[in-house]
Structures are given as structure tokens and as C-alpha cells.
There are 2 protein chains.
Amino acid sequence: MAVNKNVNAGARTVRPRRRDAARNRDALIAAGRELFDANGLTPTLDDVARHAGVGVGTAYRHFPNKYALAQAVLAESVTDMLDAADRAAQLDDAAAGLAALFDAVLEPQAAKRALGRVLRDAPDTAPPVDDVHTRIENCIDTLLERAREQQVVRSDITATDIGVLMSLMGHLIERFGDVDAHLWRRFLPILLHGLRADAPAPLPGTALNTEDFISRLGRSTQP
Amino acid sequence: MAVNKNVNAGARTVRPRRRDAARNRDALIAAGRELFDANGLTPTLDDVARHAGVGVGTAYRHFPNKYALAQAVLAESVTDMLDAADRAAQLDDAAAGLAALFDAVLEPQAAKRALGRVLRDAPDTAPPVDDVHTRIENCIDTLLERAREQQVVRSDITATDIGVLMSLMGHLIERFGDVDAHLWRRFLPILLHGLRADAPAPLPGTALNTEDFISRLGRSTQP
DNA sequence: CGCAAAATGGAGATGCGTCTCCGATTCTGT
DNA sequence: ACAGAATCGGAGACGCATCTCCATTTTGCG
């Protein structure tokens with residue numbers, strides 16, 4: 001082979017971003033972080049662009065839509081969250097593990113007001129957001145099995161049940177988070193206690209299957 | 001006083017609606033019921049008008065907005081709901097009463113897909129919707145006091161805590177109701193069990209005050 | 001009947017967020 | 001220093017729901 005000017009030989013040829021482009025991209029992410037952390041996903045991509053001191057067109061060339069920018073902004077929080085979830089799944093005490101898992105999933109959502117929305121509603125997801133559902137579900141599966149062995153949850157609870165509860169708590173954070181960012185911590189013990197093993201009667205109905213659960217997770221609330 | 005042509009002497013003079021107007025109004029309510037029951041609040045007032053075979057202008061003269069029409073459509077469900085709630089509040093067994101109260105509030109929301117949204121988001125409410133919050137809160141207060149006496153709930157639970165839980169369940173219905181309209185029944189026992197008296201540690205943080213609770217109840221979910 | 005008041009209906013104004021287009025500007029390799 | 005490519009910026013097109021305006025039609029009283 002002749003001279004290969006591109007360092008990135010194996011991957012698809014990628015010429016480095018121009019310096020002004022990189023600067024603008026960074027400015028957009030910074031502005032996005034600022035606005036999204038403070039106001040959730042309410043601000044428009046136009047808002048973020050203005051706040052970053054660039055034109056709307058620039059914003060839309062760098063990020064196809066608000067959610068793409070939000071994913072860039074929140075990438076680190078998401079990987080942190082997944083790490084924390086994995087750590088929770090490794091706890092031998094299943095009850096503690098479940099509590100830690102809820103914590104791992106909810107605490108970041110309470111800290112970053114846009115995170116919950118991105119996790120649930122982003123129209124097209126990229127790493128690391130794209131496999132949050134799978135990864136978390138694995139953690140749930142692991143802990144749930146362990147919890148059943150240790151008899152610390154009622155046996156008719158399924159993984160999607162836990163998922164539903166997590167999404168409910170996420171909703172609680174979204175709805176009441178600006179009045180009291182820690183309110184979810186108040187309800188977590190109630191929930192966890194409710195999941196405990198001493199069940200007088202089996203849970204009515206059947207749990208959701210994973211597909212239905214995922215499908216309804218996204219933007220459902222109507223006009 | 002001279003002759004009073006109007007039968008409705010005491011109230012503000014109200015001349016009877018013209019026959020075509022009454023017909024259209026009824027058609028709108030019927031069409032609204034049909035569309036709202038099937039699709040929640042998604043359809044626009046324009047949709048309902050078309051479905052009722054009347055012009056948009058007509059719809060907007062009869063009802064200032066979608067929520068006003070929805071309230072007319074759902075009025076009966078709401079009074080039924082309040083009756084059921086009052087009945088629940090009269091049960092001597094506080095645990096059963098609480099369960100019945102949740103049922104009274106949630107079952108209608110599951111049956112009428114638009115109800116939850118109206119209860120939470122309607123921008124201006126008229127009877128009987130306007131005092132749902134007060135009436136329900138009274139029921140909660142009554143039952144909660146009784147439940148504490150009977151030691152069937154942990155003593156650190158407040159009325160707004162119950163309200164928050166009700167709103168969460170309402171959200172569950174909205175989010176997952178079209179996949180499984182009865183899913184909420186699966187989670188109710190978990191919740192109720194979680195509220196029970198054997199508390200290993202006090203609930204963290206403080207409960208919401210009523211004002212904050214009400215204020216955050218409305219349309220919060222963002223773009 | 002006849003006529004004034006009431007009611008109609010639907011085109012289109014308004015508002016809001018999303019996103020595109022393209023002439024102007026700024027970079028970068030030579 | 002210069003050409004050509006890459007990037008910028010923001011006016012405005014678009015989609016969608018909400019709501020208004022007023023020329024026309026319907027009603028019902030006298």
C-alpha cells in the first residue's frame with residue numbers, strides 16, 4: 001500500500017474537525033449542560049445555540065436535534081450510572097443490592113434534570129444511552145434472582161415490575177423534583193418495603209412483558 | 001316588580017338555549033366522549049368538532065377549550081368518583097378504607113382515559129372537577145387519622161404522601177394503561193403494604209406541603 | 001310571515017418549537 | 001498570500017394545535 005495520510009487507518013476515514021467547529025461544538029455542549037441542568041429539556045436547541053453564541057444552523061449541523069445534544073451532555077452521567085448499577089448488582093445482600101440499584105438509577109436523574117427524559121424519550125439513542133435499558137435490566141435480573149433465593153422479595157415480582165417502579169420514581173422526580181429534589185428518597189423505603197416477602201395474597205394480574213414495558217416507556221403523556 | 005318572563009327568577013337571567021345550539025352542544029359532548037374515551041386527550045377540539053359534524057367555531061363558542069369540553073364529558077364520572085371516595089372514607093376498617101379510596105380514585109381513571117389528565121391539568125376547573133382535590137384530601141385525612149389510631153400505617157406518612165402516591169398511580173395508568181388497563185391493580189398491594197406500620201426506620205426527608213403538592217400536580221412533563 | 005337576535009362554520013391568524021437553506025465568512029494546506 | 005473547502009448564521013419554511021372573526025344561515029317571537 002502507498003502512503004496513508006490518515007492516522008486513523010483502520011476506521012472509516014475521518015478528517016479532523018476544523019478548529020472553529022470544535023470550539024463551537026464544545027460551546028454548545030457547555031451551554032446545553034448549563035441550560036439542561038437548570039431547566040430539564042425545556043429549552044429549545046435554538047435557545048442553547050443562542051446561549052452558546054452560535055447560530056441555530058450551526059447547532060443543527062452539530063446535533064440533529066435536542067436529544068442528540070442532551071446525550072452528548074449527559075454521556076458521562078450515564079456511564080457513571082451504569083457503573084453504579086453494576087456495582088449494586090454485585091452486592092451479595094440482595095435487599096441492599098436492590099436498594100442500591102434504585103439509588104444508582106434515580107440519584108443521577110434527580111441530579112440532572114434532563115436525564116430521565118433522555119433515558120425515556122430520546123427518539124434515537126447512541127452509546128452509552130442506547131443500552132441503558134439492557135444493562136439495567138441485567139442488573140435487575142441478577143438482583144431479583146438473588147433476592148428470591150434470599151427470600152427478601154415476594155416471589156411474584158418480575159423484572160418488568162421493578163422497571164415499572166423505577167419509571168414511576170423517575171416520574172416522581174420529574175414532577176416534584178423542583179420542589180424537593182430528594183422527595184424520591186422518601187418513597188423509596190415505602191416501595192422497597194412493599195416488595196418484601198411476606199405476601200398475604202398474590203399480586204393480581206400479570207406483569208408486563210419486556211417489549212410492552214419498553215414500548216410504553218417513551219413519551220406517552222399527551223397534549 | 002313587574003312581570004318576570006324568566007322562570008329562573010333567583011339566578012342570573014338565562015334565556016333558554018336555542019334548539020340548534022342545544023343539539024350541537026349535545027353532539028359535541030357525545031363526540032367528545034367517544035374520542036376522549038378511546039384516545040385520551042390527544043384529539044384536538046377541532047377533531048371533536050369535525051367528528052360531531054359542526055364547525056370549529058361552534059365548538060369554541062360552546063367550550064372555551066378542550067378541557068372545558070372534557071369536563072362536561074366527564075362530569076358524571078367525577079361525581080361518581082367523589083361518591084365512591086366518600087364511601088371509602090366511611091369504612092371503619094382504615095386499611096380497607098385506604099384500599100377502597102385508592103380504588104375509588106384510580107379505577108375511574110383507568111376506565112376513562114382522559115380523566116386523569118383533566119383532574120391534573122385542566123387550566124380552569126368548574127364543578128364538579130374544581131373541588132376534587134379538596135374532597136379527596138378530606139377523605140385521605142379522615143382515613144389517615146383512623147389508620148394511625150388502628151396502627152395500620154406507619155405514623156410518619158402524611159396526607160400529601162398519599163396524594164403523591166395517588167398521582168404516581170395515575171401516571172402509571174396513563175403510561176401503561178393502553179397495554180394493560182389493570183396493571184395498576186398489580187402495584188396497589190405493593191404500595192399499600194409499603195405503607196404499613198412496621199417501620200424499621202423513619203422516612204427520610206419531609207413530606208410536601210399541600211400547596212407544593214397541588215402546584216406540581218399539573219402539566220409538568222416537558223417537551 | 002318577516003325580521004332581529006342567535007348561532008353557525010371554516011378560512012385563516014397566532015404562537016411555538018423544529019429544522020433547512022444558502023450567501024457570507026473563516027479556516028487551512030500549499 | 002491565496003484558493004477552495006469547511007463552517008457559520010439566521011431568516012424563514014414547516015408542522016401542529018389553538019383560537020378568532022365575520023359573512024351567512026337558522027331560529028323563534030310577534
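Proteins come first, then strands; the chains are lettered A, B, ... in the order of their sequence lines, and each starts at number 1. Computed from heavy atoms alone, side chains included, the values below leave out hydrogens, waters and symmetry copies.
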For residues 24-31 of chain B, please give each side-chain donor-acceptor pair under 3.5 Å, one per line with the distance, not counting sequence neighbours.
none

Would you check if there is a donor-acceptor pair between the side chains of B:Arg175 and B:His171 at a distance under 3.5 Å?
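Result is yes, a qualifying pair exists.
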Whole angstroms only, please: what is the [atom1]-[atom2] distance between [X] and [N]?
X: A:Leu45; N: D:dG9; atom1: CG; atom2: P; result: 14 Å
X: A:Asn65; N: C:dC19; atom1: CG; atom2: P; result: 5 Å
X: B:Arg50; N: C:dG10; atom1: CZ; atom2: P; result: 10 Å
X: A:Asp47; N: C:dT18; atom1: CG; atom2: C1'; result: 12 Å
X: A:Tyr60; N: C:dG17; atom1: OH; atom2: P; result: 11 Å
X: B:Phe63; N: C:dA7; atom1: CZ; atom2: P; result: 14 Å
X: B:His62; N: C:dA6; atom1: NE2; atom2: P; result: 14 Å
X: A:Arg17; N: D:dA5; atom1: CZ; atom2: C1'; result: 16 Å

Can you tell me which residue among A:Asp130, A:Ile136, A:Asp131 is in a side chain to side chain contact (heavy atoms under 4.5 Å, CB included) with A:Thr134?
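By the side chain to side chain contact (heavy atoms under 4.5 Å, CB included) criterion, A:Thr134 pairs with just one of A:Asp130, A:Ile136, A:Asp131: A:Asp131.
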Within the structure shown, what part of the strands sits under 4.0 Å from B:Thr44 by heavy-atom distance: base, sugar-phosphate, or nothing?
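Sugar-phosphate contact only.
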Check whether any side-chain N or O of [X] sits under 4.0 Å from OP1 or OP2 of [N], and answer yes or no.
X: B:Asn24; N: C:dA7; answer: no
X: B:Thr58; N: C:dA7; answer: no
X: A:Lys66; N: C:dG17; answer: no

Helical bend (five base pairs per end, nearest 10°) for the helix from C:dC1-D:dG30 to C:dT30-D:dA1:
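End-to-end axis angle: 10°.
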Would you call [X]-[Y] a salt bridge at under 4.0 Å N-O?
X: B:Arg113; Y: B:Asp37; answer: no
X: B:Arg186; Y: A:Asp161; answer: yes
X: B:Arg117; Y: B:Asp121; answer: yes

Residues which pass salt bridge (Lys or Arg N to Asp or Glu O under 4.0 Å) with B:Arg185, listed by chain and number, not counting sequence neighbours:
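For B:Arg185 the salt bridge (Lys or Arg N to Asp or Glu O under 4.0 Å) partners, ignoring immediate neighbours, are B:Asp103.
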Go through the structure and list residues passing salt bridge (Lys or Arg N to Asp or Glu O under 4.0 Å) with B:Arg19, not counting sequence neighbours.
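Per chain and number, B:Arg19 pairs via salt bridge (Lys or Arg N to Asp or Glu O under 4.0 Å) with no residue.
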In chain order, what residues pass the side-chain hydrogen bond (donor to acceptor under 3.5 Å, both in side chains) check against A:Asn138, with sequence neighbours excluded?
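None.
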side-chain hydrogen bond (donor to acceptor under 3.5 Å, both in side chains) partners for B:Asp178, two or more places apart
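In terms of side-chain hydrogen bond (donor to acceptor under 3.5 Å, both in side chains), with neighbours along the sequence ignored, B:Asp178 is linked to A:Arg216.
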Report the nucleotide, chosen from C:dT8, D:dC8, C:dT20, that has the shortest atom-to-atom distance to any side-chain atom of A:Ala21.
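Comparing C:dT8, D:dC8, C:dT20 against the side chain of A:Ala21, the answer is D:dC8.
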Among C:dG9, D:dC8, D:dT18, the one nearest B:Val54 by side-chain distance
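Of C:dG9, D:dC8, D:dT18, C:dG9 is nearest to the side chain of B:Val54.
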Per the side chain to side chain donor-acceptor pair (under 3.5 Å) rule, what does the pair list look like for residues 71-88 of chain B, sequence neighbours excluded?
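The answer is B:Asp86-B:Arg135.
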What does nucleotides 22-27 of chain C look like as a protein-contact string, B for base, S for sugar-phosphate only, - for none, at under 4.0 angstrom between heavy atoms?
----BS
Show me the protein contacts with nucleotides 11-14 of chain C, counting only N or O atoms at under 3.5 Å.
none

Sub-4.5 Å side-chain heavy-atom contact between A:Leu191 and A:Leu168:
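With C-beta onward as the side chain, the pair stays apart.
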In residues 26-36 of chain B, what residues come within less than 4.0 Å of DNA chain D, judged by heavy atoms?
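Here the set is empty: none.
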Report, one line per pair, each donor and acceptor closer than 3.5 Å where one atom sits in a side chain of residues 51-65 of chain B; sequence neighbours left out.
residue: B:Asn65; atom: OD1; partner: B:Tyr67; partner atom: N; Å: 3.0
residue: B:Asn65; atom: OD1; partner: B:Ala68; partner atom: N; Å: 3.0

List the residues meeting side-chain contact (heavy atoms from CB on, under 4.5 Å) with A:Asp47, not counting sequence neighbours, and say none if there are none.
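For A:Asp47 the side-chain contact (heavy atoms from CB on, under 4.5 Å) partners, ignoring immediate neighbours, are A:Leu35, A:Pro43, A:Thr44, A:Arg50.
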